[in-house]
Structures are given as structure tokens and as C-alpha cells.
Number of protein chains: 2
Amino acid sequence: MKQDSKPAMRSARRSAKGPTVADVARLAGVSAMTVSRVINNDGKVLPKTRERVEAAIAATGYVPNPAARSLASGRQRRIALVHANPSAAYLSEFLVGSLAEASACDAQLLVEHCSEAEPTSALVARLRSHNIDAVLLPPPLADDMALLAALNAEGFLVAQVATGLPASFARAVSIDDEGAAMDITRRFIAAGHRRIGFIAGNTNQTSSALRRAGYERALAEAGIAIDSDLITQGDFTYRSGLDAASRLLALAQRPTAVFASNDDMAAATVTAAHRAGLDVPRQLSICGFDDTAIATTVWPELTTIRQPIADMARRATRLLVEAIDAGDEKSTPRHERLEFEFIERGSTAPLPALD
Amino acid sequence: MKQDSKPAMRSARRSAKGPTVADVARLAGVSAMTVSRVINNDGKVLPKTRERVEAAIAATGYVPNPAARSLASGRQRRIALVHANPSAAYLSEFLVGSLAEASACDAQLLVEHCSEAEPTSALVARLRSHNIDAVLLPPPLADDMALLAALNAEGFLVAQVATGLPASFARAVSIDDEGAAMDITRRFIAAGHRRIGFIAGNTNQTSSALRRAGYERALAEAGIAIDSDLITQGDFTYRSGLDAASRLLALAQRPTAVFASNDDMAAATVTAAHRAGLDVPRQLSICGFDDTAIATTVWPELTTIRQPIADMARRATRLLVEAIDAGDEKSTPRHERLEFEFIERGSTAPLPALD
DNA sequence: CAATATTGTGTTAGCGCTATCATAAGGTCA
DNA sequence: TGACCTTATGATAGCGCTAACACAATATTG
């Protein structure tokens, strides 16, 4: 134990400053400036020098002081995460991911709520006054073209997460919604289902259309005709799912499987099935999308597609930080795609021997 | 427009530094140091001087530069938010609140997940290496006495949120769980209910016992005997709620109202009631606790107690920041209590005219 | 081969704020 | 009244880092 007594520890830590550039420089036999260049991956440094510096950094356990860094450079890296009612589960995963990355990159993350009613100009003004460099948008805001355009026009860097239609000027991270929807539908088909209901998501979210496209492509691929009775419109809320599912279950020839565009609506479908006296999954297979908390809350637990929300938020945050560092205009916006994962739980089952 | 073209704005902003202490000092006719004292509420400054400085601050629109501040003072204010599986809805509200306060107080918030299996020592080591000053604990970790003790022994400042049993050395913010539970129960009684079921929460959370105590006190107060058949044990999960509710509904003399210790279990009770062919709220009133997302997701929506989670997180964060600033040992840990709110939705109704 | 780029590194001077000590102004006490 | 203690405020010197330029050392050119 280097430090003496418990009470003293915190203050000791406070004064026991870690090594600084100067320490590293001395050890490496270079100037502080060269160390700075190495850690910033900056300017030209001979490979040999770089190595020596890196060794010295490792040896001293040097960690740059963010405060000094941003004071000296005048850089700030302020990113606003603007959200307008994604589900709480979504938001929390999103927050965890973006926060982790922001603090790792030493960027500041401001969380702003944007009510539906608020005019874009007010939001922009708010961001301006907070001196924001970049804006991170989870759905449904990621699909608000007017907002995106306004932010871009104002010179903010923008990243969209989980959008189906990335803007050319924006960074974007999403999954292959269409592919995921095809995956689900193919699995239903492989399990013997032929009458597969679909509950569409809110049309103001671009991913809704992609999920539907995936559903239809998988059916077409299997040579199953698309029956418009089996496609119902929801808006991602539990309530809308209840209505949509009731309509599907009231059909003369009711589906043996339902693919809902998100977990809330899938959970509602479970409830609707139970009300209709159907056993899930024996008489009705149900698949959701997103793998949010409700998927494992209901009974049976939902088979669904897991979106790596935290990872997407992390990547998007990283893209923004890089864009901020690159300075104006330089970097081309990147659009990335992360892998989804099919998660099989209790709400789906193969169709029992056909009639 | 001062700034010329769009592309230039970001870089322009970067260089267009706002006013500094020096500007304010000049305007107020004092030294920079005095301005610093005013903004830090520090040392002795004559009321008259303070006023002049404050006027100058307002006039210039001065905002302290956090980087310079922490560089000069050597302070860091690093707070870790350690969570181990609170519900996503809870976590997201919690994050939003603590983040907002942290950024307002110019503190850094690190979010750490702590798996159940991870030994306390590993967590402590992790916090150490991140140079954490204080730890913010949402439930269920807020009730983990071993963890609390370990953190305190290591010299970390600690804040517990929503615990029923604040530690003497820790800051704490909670609501009056017992009072809230009494409130619910009294309302049931006032609505004519006499057979009121109770689904208890996980015993590893101290608030569970308080909620139960509130339920029992309200009954006692109304002269209603406590029937142990009406009290069932859950563990805050939907699944446990399903089991507990089924037991209650299978009772020869089944309850006309059920008070579940959280929303997940209340939602499960709704499902159980539906399965049993009971109409909610006509034949069974159900009340939850917390007002998390699921409360408005199910149908009918749940009557519940709203915990101001974001506010609690905000207050707790603030208490930690103050404690960090106060330095070692000085400040006495404060325990605060925030107001809860009874939210009436569709899952409760007065008992129809007693036979 | 001088004249000119190019490259890697060092020097200097702050960024905006606060710790610390110095100082001046006003009190107190014998 | 002078020796002393209180204040309130100012002057100075950094915190740890990087921008901007200066300067060698080498490469490139006609």
C-alpha cells in the first residue's frame, strides 16, 4: 500500500497527478511536442521516434489529460443526442452505447428531448446555444427529413441510427432491415407456415417499408402469393398491434404465423391470440423485431430479431467524433451496417403436420 | 449575419471564443480572481462587489470554460453510475436524469455495468482505474449492503437511489415507499374494496418490505384484518407476477383488487385476470408501482404510483457533486425524499354496489 | 553545386482558469 | 496609539497540453 490511511486516499489521488507529456518526453528523449504529435497521430514523426515515444507512454502509463487537451486546442467535441419518444428500452440501450463511446473518445454528450410539437427552429437554436458540433439521431427522428436538412443547413454534423434511408450528407449506422425481415419470413416458411400475417410499422419510419419489403420478398422467393388481407397496418404501439392482430385473427382463413414489425406489437399479438383462445406458439407463431425488454417480459417470450442498439449508437458516436476531428467538409459521410441476430424463444414453433 | 458562409460557420464558432474571466473582470472593474471567486461562491467577496461582478457576467453572457476550470483546479468530478439489471425503462429515465445534472454540474459520468457474477473487488478495481470519485447506485445495487460497504471502505463517495434503507455514510434519494403503498391501499379501501390482494417484490430490495408495510398499515388503519392468503410473493418480474396473480385469483374468495409491487407484476396480473375471464377493472382492480413504460403499454393502462426516477437521479448526482466539491469527510451525507404521484388510469375502478 | 523545397523536431507562448501568497484596508485590543 | 489580527482584493504563476512558428537536416532541382 502506497497510500497511508483510508480518509487520505481521495485527496491523495487528487494530487498524485499521473505522468504528463513532459515525463514521457524526458523518458523518450524527445520534446513534449513530439509526444503530443504521437498521441494525436499528427504531423510527421519518424517511425523510429514514434516507437520510442510509444514505449515511453506504455512505460509511464501516461494518459492524456482531456481538460488540458481541449483547453489548449480549443476543441470541444460536443455531441447532442436528440430524442423524441423512442421506446424507453430503446433509449436506454442507446444511451449506454453512445455514452460509453463518448466518454472513451473524450467527447461531451448532451441529451436533448425534442417534443413533437417543438418547431425545428427552436431545437436548432437550442443546439446552437449549447455550442453543439454534431447531432446524433435515434429513430424516429433519424427519419425526419426536414429536421435532417435543417441541421445540415445549419452546419451541424449529423448521424442517423437505424434509418432505412441514410441522407447523403449524414453519417448513418443501421442494420439490414430488409434482410432481417426476409430471415424471419423464410424461417416461418421453412417451419411449414404458408399463411403468414404481417403487421407493418409506422409509415413515418423508413425501416417500416424495408421490413415489409423483406417480408414480401421472402414470400415471393418461396412462390407464395401475397395476400393483402394478411398485411395490416400498425404504428409500433402495443395498442395498434392489438387492433391489427385482432383483424388478422378474425380472418376467415386466419394466419398460422404473424410477423410483427416490432416487439410491442408482437406482444400485443400474443395477448390478442390468448383472448381469441389460441395457444402460442402451438396454434399461432409470433415473431417480433428489436428484442427490447418487452420481448422477455411477456409469456411466452418472443422470438425476435435483435438489433445491436448499443453498438449502433457507439459506432454512430464514433463516426461523429471522427468527423468533428476531421474538421469541416473533409471526411465523406460513412454509412455502416451492423449485423442483426435472430433470437429464437418460445413464441414460434413449426406448423404441426399440415391438416 | 456576422459569419459569412455556411461551411465556415463551424470553424468560425470554434475560434469565436466567448467572453472570459478577463472580460468580465475588466467590465466590473475588478481582478480576474475576484470574478473567479464570485462564480465559485468562494472566499469572501463584498456583497457590493459580488453584485457588480454578477452584473458584468450577465452583461457579457459569460460562461465558464469547464476545461480551463478543471485544468487549473485539478478537480475532476468523475462519477460512476453502476447498474446491474434494473429494467430498461428505469435505467433510461435514470440515465437521462443523471446525465442532465452531470453535464450541468460539469461532472463526468461513467456508466458501468456490473454483472451479478462479478466480484466486488473487480468492480472496485475498475472504478479505481477510472479514477472515480463517487458512485451512483440505482436499485437493485442501491440495496447491496456488501457493495456499499466495500465502496465506502475504499473511499468512494456513494449515493443510493430509491433504497428503503439508506446507509449512514451514503447520500440517498428516495420516495416514501411506505406512504405510497398506503396511499394506494387507502384508495382501494375508499373505493369499497375489502379483499385486496398484494404481490410483494423481491426481498433483496429494501423498498419491497416498505411497500408491504404500507399495505398492511392501511388495512390495519381501516380495521381490515390482514389475510395472509391475500399476500403473495413475487420478485418484480412479469413471470413471477403471473404466478402470484394466478394464486390470488384461484382463491376461493378471490380479491376484488390487487396491488402489485411494480408495474411488470401488475401487467402480469392483467393478463392473468384476462385468462381467468375477468374484466379489468370491472371485476378486478389492479394497481402497479413505478409508472414505467409497461404501465401504458398494456390494456387497460395501469393505475400506478409514479416515481420521479429522473429527478431522483438528478438529485443524487447533484448530492455527489457537492460532496466531491466539499472535499473529504466534511459534508454530512444527506438523505432526501422526493414526492411520488398517484396516477389513475384504466385498471382500477370502485367496487360496484356491494351485494 | 548553390538554390530551393521538404521533412522531422524543438521552442515559445499561450488556452482560461484558479492556488497561493502578498497587500491594502479596516478593525481590535492593551 | 502602535502592535496585532481580520478581512477583501490583487498579482503572479502555473495546471497539461498544443498552435504556430523556427530551425536544422536532408532531399530535390536546374
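Just so it is clear: chains get the letters A, B, ... in the order the sequence lines come, proteins before strands, and each one is counted from 1.
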Rounded to the nearest Å, what distance is computed from the [atom1] atom of residue [X] to the [atom2] atom of nucleotide [N]?
{"X": "A:Ile39", "N": "D:dC17", "atom1": "CD1", "atom2": "C1'", "answer": "8 Å"}
{"X": "A:Asn40", "N": "C:dT9", "atom1": "CG", "atom2": "P", "answer": "15 Å"}
{"X": "A:Gln76", "N": "C:dG16", "atom1": "CD", "atom2": "C1'", "answer": "12 Å"}
{"X": "B:Arg52", "N": "D:dG10", "atom1": "CZ", "atom2": "P", "answer": "8 Å"}
{"X": "A:Arg69", "N": "C:dG16", "atom1": "CZ", "atom2": "C1'", "answer": "18 Å"}
{"X": "A:Arg26", "N": "D:dC17", "atom1": "CZ", "atom2": "P", "answer": "12 Å"}
{"X": "A:Lys44", "N": "C:dT6", "atom1": "NZ", "atom2": "C1'", "answer": "10 Å"}
{"X": "A:Asp42", "N": "C:dG8", "atom1": "CG", "atom2": "P", "answer": "12 Å"}

Among [options], the one nearest [X] by side-chain distance:
{"X": "A:Leu71", "options": "C:dC15, D:dC15, C:dA19", "result": "C:dC15"}
{"X": "B:Thr34", "options": "C:dT9, D:dT9, C:dA19", "result": "D:dT9"}
{"X": "A:Val21", "options": "D:dT18, D:dC17, C:dT18", "result": "D:dC17"}
{"X": "B:Ser31", "options": "C:dG10, D:dC17, D:dG10", "result": "D:dG10"}
{"X": "A:Leu46", "options": "C:dC15, C:dG16, C:dT9", "result": "C:dT9"}

Does a side-chain heavy-atom distance below 4.5 Å link [X] with [Y]?
{"X": "B:Val161", "Y": "B:Ser174", "result": "no"}
{"X": "A:Asp311", "Y": "A:Arg314", "result": "yes"}
{"X": "A:Ile132", "Y": "A:Phe156", "result": "yes"}
{"X": "B:Leu110", "Y": "B:Arg78", "result": "yes"}

- Task: Looking at every strand, decide which applies to B:Ser70 at a 4.0 Å heavy-atom threshold: base, sugar-phosphate, or nothing.
- Result: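 Counting heavy atoms under 4.0 Å across all strands, no contact is made by B:Ser70.
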
Can you check whether [X] has a side-chain N or O nearer than 4.0 Å to OP1 or OP2 of [N]?
{"X": "B:Thr49", "N": "D:dT9", "answer": "yes"}
{"X": "B:Thr20", "N": "C:dG16", "answer": "no"}
{"X": "A:Ser73", "N": "D:dT18", "answer": "no"}

Polar pairs (N or O, both sides) under 3.5 Å between protein and nucleotides 20-25 of chain D?
none

Q. For B:Thr34, which residues count as a side-chain contact (heavy atoms from CB on, under 4.5 Å) partner, sequence neighbours excluded?
A.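 Testing B:Thr34 for side-chain contact (heavy atoms from CB on, under 4.5 Å), a comparison that skips the adjacent residues, returns B:Val30, B:Ser31, B:Arg37, B:Val45, B:Thr49, B:Val53.
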
Short side-chain to backbone donor-acceptor contact, B:Arg315 and B:Leu338, under 3.5 Å =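 Not at all, since once roles are kept as given, no pair shorter than 3.5 Å links the two residues.
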
Exercise. Ignoring hydrogens and geometry, is there a side-chain-to-backbone donor-acceptor pair from B:His335 to B:Ala170 under 3.5 Å?
Worked result: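 Yes: the side chain of B:His335 pairs with the backbone of B:Ala170.
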
Pairing of B:Arg171 and B:Glu322 as salt bridge, 4.0 angstrom limit: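 Looking at B:Arg171 and B:Glu322, the cut-off is not met.
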
DNA chain C: 5'-proximal contact among B:Ala32 and A:Val30 (nearest heavy atom)
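Whichever sits nearer the 5' end wins; that is A:Val30.
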
